[in-house]
Colleague: 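Just passing along the structure, written as structure tokens.
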Amino acid sequence: MVIISKPAIEQFSYIRNKQPAAALLPPLIPIVDLSKPDSKHQIIKACEEFGFFKVINHGVPMEFISKLESEATNFFSLPLCEKEKAGQPKPYGYGNKMIGPNGDVGWVEYLLLMTNQDPNIATQNPESFRVALNNYMAAVKKMACEILEMVADGLKIQPRNVLNVVQSLKANVIGFGEHTDPQIISVLRSNNTSGLQISLRDGSWISVPPDHHSFFINVGDSLQVMTNGRFKSVKHRVVANSVKSRLSMIYFCGPPLSEKIVPLPSLMRGDQPSLYKEFTWFEYKTSAYTSRLADNRLMHFEKIAAS
Ligand SMILES: O=C(O)CCC(=O)C(=O)O
Ligand SMILES: [Fe+2]
């Protein structure tokens, strides 16, 4: 879960200033209605063209969303010393300003939680936080699995290729530099505050209109590799909003540590070469840990780059 809050730190204002403007008349972001029979085709098309789509009729009860959002808001309004009791984000815990260990900074506060562990955080009512987290996670997991099953079905691959996932949740407040998510997919939801932008294949940026009733799905680096580049992990960023605090909750579906990530043979067309070397999620995470947020972390695993 990532929560991005109101900018509080003047020296980070450059994050806002240095962002190039997003396109004024952007193409429409694909919307997938999960209740419609053709949603799997729309998902495949959106993953190919944008690496990103919005999901409506997702089945996650609004009350679960609102409850966790309010618990997260309460957490982020605690005094710093209370928030720090969640421990440093190495990898799970509370962090602010610093994103990762390599000098990236953001106008951001975040709480990163491993989903199968009890959150060790000092809210007024930890039990209420725990219940809200579990309800939200169970409902979002169900939706994420449904989407991944449709991806598998649409690609005609075995569901286990994408469904063997470990989950984590991040709450963010405010601004975050450009990057791709390393996991298989991320399921993002924010309050009704703008800021999220995605990069199109031509390199231009478009703003994603906020919609607090819907979820947004990002294709991550792992799915890009499994599909041998047919799906593209979407570059995205969050531009700080100086008027309103933005709170987002991101559910990441990543592979287990020992899982091998490699282009799936059944997805290779004709004599298409494999673009990536085989690696484990552990190797990828280890390599990503030494990189900067905006780096192309897949570069070290590309076959062409290596030869
Ligand atoms: O807050 C957001 O909407 C996106 C944050 C994000 O991209 C991330 O935490 O990976
Ligand atoms: Fe992200």
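When a ligand or atom number is given, it counts from 1 through the structure's own listing order.
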Colleague: Within the 4.5 Å heavy-atom criterion, are Val140 and Phe64 side-chain neighbours or not?
Modeller: no
Colleague: Suppose we screen for side chain to side chain contact (heavy atoms under 4.5 Å, CB included). Which residues come up paired with Ser128, at least two apart in sequence or across chains?
Modeller: Lys67, Glu71, Asn125
Colleague: For ligand 1, which part of Asp181 has a heavy atom less than 4.0 Å away: the side chain, the backbone, both, or neither?
Modeller: side chain
Colleague: Keeping to distances under 2.8 Å, can you name the protein N/O/S atoms close to the Fe ion (ligand 2)?
Modeller: His179 NE2, Asp181 OD1, His236 NE2
Colleague: With sequence neighbours left out, write down each residue that passes side chain to side chain contact (heavy atoms under 4.5 Å, CB included) with Gln158, or none if nothing qualifies.
Modeller: Arg160, Asn161
Colleague: Between Trp205 (side chain only) and Gln197 (backbone N and O only), is there a donor and an acceptor less than 3.5 Å apart?
Modeller: no
Colleague: With heavy atoms only and a cut-off of under 4.0 Å, state how His179 meets ligand 1: side chain, backbone, both or neither.
Modeller: side chain
Colleague: His179 and side-chain contact (heavy atoms from CB on, under 4.5 Å): which partner among Arg237, Arg292, Arg297, Lys235?
Modeller: Arg297
Colleague: Do any N or O atoms from the side chain of Arg189 and from the backbone of His212 form a donor-acceptor pair under 3.5 angstrom?
Modeller: yes
Colleague: If the condition is ring pair (Phe, Tyr, Trp, His ring centres under 6.0 Å), which residues does Phe279 pass it with, not counting sequence neighbours?
Modeller: Tyr284, Phe301
Colleague: Short list, please: which atoms of ligand 1 are under 4.0 Å from a heavy atom of Val238?
Modeller: 1 (O), 2 (C), 3 (O), 4 (C)
Colleague: Show the atoms of ligand 1 that are less than 4.0 angstrom away from any heavy atom in Phe176.
Modeller: 9 (O)
Colleague: Side chain of Thr227, backbone of Phe231: donor and acceptor closer than 3.5 Å?
Modeller: yes
